[in-house]
Amino acid sequence: MESIQGKSQRIEYISDYKLLIGEKDSSNNIEILLLMEYENLSQFSEKEKNFIMIIDSFNRNGPDLINNIKPNEFRKRIYSNDLCRFD
């Protein structure tokens, strides 16, 4: 199955992405870092609109939930930063 980021890259909403997964700590927590690269300011500016369209194309009824647990019940955003450099 194609990932949301893979489809975004294929249809040129992003130019590249990397998913970095750390080691489990003593409490079985894992840090995950998702990096997305945009070719230009236009791609970057349209990111929210584009990802909503892609997510909707995967499942019109919303995301598949494992054990009916919603993402905000298990996911925690610790840090977010938009770094922009367009040459």
Side-chain angles (χ1 to χ4, degrees):
M1 179 179 192
E2 186 175 31
S3 70
I4 291 171
Q5 290 76 23
K7 183 171 183 177
S8 298
Q9 186 177 18
R10 182 173 51 77
I11 60 178
E12 299 181 356
Y13 285 168
I14 62 175
S15 58
D16 198 11
Y17 71 96
K18 291 177 181 47
L19 181 64
L20 307 174
I21 302 174
E23 300 284 327
K24 287 184 182 180
D25 66 14
S26 60
S27 299
N28 276 341
N29 294 315
I30 298 175
E31 290 187 4
I32 299 172
L33 180 62
L34 176 61
L35 303 170
M36 291 193 286
E37 184 177 318
Y38 300 90
E39 186 71 28
N40 52 46
L41 186 56
S42 177
Q43 278 185 345
F44 180 78
S45 299
E46 299 290 316
K47 66 181 186 272
E48 295 299 325
K49 178 185 71 120
N50 291 341
F51 278 107
I52 288 170
M53 289 189 307
I54 290 173
I55 290 168
D56 287 347
S57 75
F58 272 85
N59 187 346
R60 298 233 177 252
N61 299 319
D64 292 330
L65 302 177
I66 298 173
N67 298 327
N68 291 320
I69 298 172
K70 295 181 181 177
N72 62 349
E73 295 175 15
F74 67 85
R75 184 170 43 204
K76 179 180 174 186
R77 176 178 269 178
I78 297 172
Y79 178 76
S80 177
N81 193 4
D82 291 337
L83 301 173
C84 299
R85 189 187 99 219
F86 300 107
D87 299 325

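Values below: every heavy atom of this structure, side chains too, minus hydrogens, waters and symmetry copies.
- Using a 4.5 Å heavy-atom threshold, the side chains of Ser3 and Tyr17 count as touching.
- In the hydrophobic cluster analysis, where Ile, Leu, Val, Met, Phe, Trp and Tyr join through side-chain heavy atoms closer than 4.5 angstrom, Ile55 is grouped together with Tyr38.
- Taking CD of Glu46 as the start and CD1 of Ile14 as the end, the distance is 14.5 Å to the nearest 0.5 Å.
- A distance-only check finds a donor-acceptor pair linking the side chain of Ser15 to the backbone of Glu37 [under 3.5 Å].
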Ile11/Ile54 under side chain to side chain contact (heavy atoms under 4.5 Å, CB included): CA gap, chis, key distance, verdict: CA-CA 10 Å; Ile11 60 178; Ile54 290 173; 4.0 Å; yes
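- A distance-only check finds no donor-acceptor pair linking the side chain of Gln9 to the backbone of Gln5 [under 3.5 Å].
- In summary, of the residues considered (Ile32, Leu34, Leu35), a side-chain contact (heavy atoms from CB on, under 4.5 Å) with Leu20 occurs for Leu35 alone.
- Counting only heavy atoms from C-beta outward, the side chains of Phe51 and Ser8 approach each other to under 4.5 Å.
- Taking 4.5 Å as the limit, every side-chain heavy atom of Tyr13 sits out of range of all side-chain heavy atoms of Lys7.
- The CE atom of Met36 lies 8.5 Å from the NZ atom of Lys47; values are rounded to the nearest 0.5 Å.
- To the nearest 0.5 Å, the span separating NZ on Lys49 from CE on Met53 amounts to 4.5 Å.
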